[in-house]
Amino acid sequence: QVQLVESGGGLVQAGGSLRLSCAPSGRTFTSYAVGWFRQAPGQERTFVAAISGGSYYEHSTYYSDSVKGRFTISRDNAKNTVYLQMNSLKPEDTAVYYCAEGPNGGVADLNYDYWGQGTQVTVSS
């Protein structure tokens, strides 16, 4: 039923920080890339950040222009978890955040096969 599980969402003031976590349900991560997407009320789901499968010692990351320099995606293989550290949060960051897993990653949600149910992030002004 649930392929990935997100956690760490909540309410934070503008300028604050929040860390989201993503872990597979009942399995370990594949070698696929993991991406974060978000969907604000009345808007389409958009790309936030992605990290390659990589190895234990290296990875590649990519960020949307709107979050670059503020958000950091990382992977902890020992904990079987991918994180999204969000700093300097803005009200426009308010959305439901989803993590996803796919063979090639990228910015298109169609490239991802496995999804979580999302976690709400609300940033007050």
Side-chain angles (χ1 to χ4, degrees):
Q1 296 292 324
V2 179
Q3 299 166 320
L4 297 168
V5 178
E6 305 96 338
S7 62
L11 175 63
V12 65
Q13 291 188 179
S17 298
L18 210 58
R19 188 182 72 167
L20 306 183
S21 300
C22 173
S25 178
R27 62 178 177 88
T28 59
F29 275 115
T30 67
S31 60
Y32 290 0
V34 173
W36 285 95
F37 295 78
R38 65 188 182 187
Q39 187 169 25
Q43 300 184 18
E44 297 181 344
R45 185 166 58 194
T46 59
F47 172 79
V48 176
I51 187 167
S52 67
S55 69
Y56 185 84
Y57 301 102
E58 62 184 273
H59 63 269
S60 299
T61 59
Y62 181 75
Y63 302 91
S64 69
D65 290 339
S66 62
V67 307
K68 190 173 184 179
R70 300 188 297 119
F71 291 11
T72 302
I73 187 170
S74 62
R75 184 192 299 269
D76 188 332
N77 289 333
K79 295 183 178 179
N80 197 34
T81 302
V82 170
Y83 301 99
L84 183 68
Q85 177 68 45
M86 305 184 294
N87 298 324
S88 301
L89 283 162
K90 305 174 181 179
E92 52 262 45
D93 295 319
T94 295
V96 176
Y97 283 70
Y98 302 88
C99 66
E101 192 178 5
N104 298 308
V107 303
D109 56 10
L110 191 63
N111 292 336
Y112 295 84
D113 300 317
Y114 310 120
W115 291 83
Q117 295 187 119
T119 185
Q120 177 70 48
V121 172
T122 303
V123 184
S124 62
S125 59

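Reckoned from all heavy atoms, side chains included, excluding hydrogens, waters and symmetry mates.
Closest of all the heavy-atom pairs between Thr81 and Ser21 is CG2-CB, 4.0 Å. Scanning both residues, Tyr97 and Val48, for their nearest heavy atoms gives CE2-CG2, 4.3 Å. When all heavy atoms are compared, the tightest approach of Pro91 to Ala14 is CD-CB, 4.1 Å. What you find for Tyr114 and Gln3 is that their closest heavy atoms are CA-OE1, 3.3 Å. Smallest separation of non-hydrogen atoms from Asn80 and Ala23: O-CB, 3.7 Å. The shortest heavy-atom contact between Asn87 and Ser17 is OD1-OG, 2.8 Å.
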- Take Arg70 and Asp93 through the test side-chain contact (heavy atoms from CB on, under 4.5 Å) and record every step on the way to the result. CA-CA 11 Å; Arg70 300 188 297 119; Asp93 295 319; 2.8 Å; yes
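Judged purely by atom type and a 3.5 angstrom limit, Thr122 has no side-chain atom pairing as donor or acceptor with the backbone of Thr94. In terms of modelled atom types and a separation under 3.5 Å, the side chain of Glu6 and the main chain of Cys22 share no donor-acceptor contact. Between the side chain of Arg75 and the main chain of Ser52, a donor-acceptor pair closer than 3.5 Å is present. Between the side chain of Tyr112 and the backbone N or O of Gly106, at least one donor-acceptor pair lies under 3.5 Å.
The 12-atom threshold is not exceeded at OH of Tyr62, counting heavy atoms of other residues, nucleotides or ligands nearer than 6.0 Å. Residue-environment remark: CD (Gln117) stays at or below the threshold of 12 foreign heavy atoms within 6.0 Å.
Thr119 is not listed as a side-chain neighbour of Ser7, based on a closest heavy-atom distance of 4.5 Å or more. Proximity of Asp113 to Glu101: side-chain heavy atoms (C-beta onward) are nowhere separated by under 4.5 Å.
Atoms OG and NZ, from Ser125 and Lys90 in turn, are 14.0 Å apart once rounded to the nearest 0.5 Å. Rounding to the nearest 0.5 Å gives a distance of 6.0 Å between CZ of Arg38 and OG of Ser64. Note: Gln39 CD to Glu44 CD = 8.5 Å, rounded to the nearest 0.5 Å. Atom CG of Leu20 sits about 8.0 Å away from atom CZ of Phe71, to the nearest 0.5 Å. How far CE of Met86 is from OG1 of Thr72: 11.0 Å, rounded to the nearest 0.5 Å.
Linking Ile, Leu, Val, Met, Phe, Trp and Tyr whenever their side-chain heavy atoms come within less than 4.5 Å puts Ile51 and Phe29 in one cluster. No path of Ile, Leu, Val, Met, Phe, Trp and Tyr side chains, each step under 4.5 Å between heavy atoms, connects Tyr98 with Leu4, placing them in separate hydrophobic clusters. Two different hydrophobic clusters hold Val107 and Val67 under the rule that ILVMFWY side chains link at heavy-atom gaps under 4.5 Å. The hydrophobic clustering, which links ILVMFWY residues whose side-chain heavy atoms are closer than 4.5 Å, places Trp36 and Tyr32 together. The cluster map of Ile, Leu, Val, Met, Phe, Trp and Tyr, joined by side-chain heavy atoms under 4.5 Å apart, puts Val34 and Tyr83 in different clusters.
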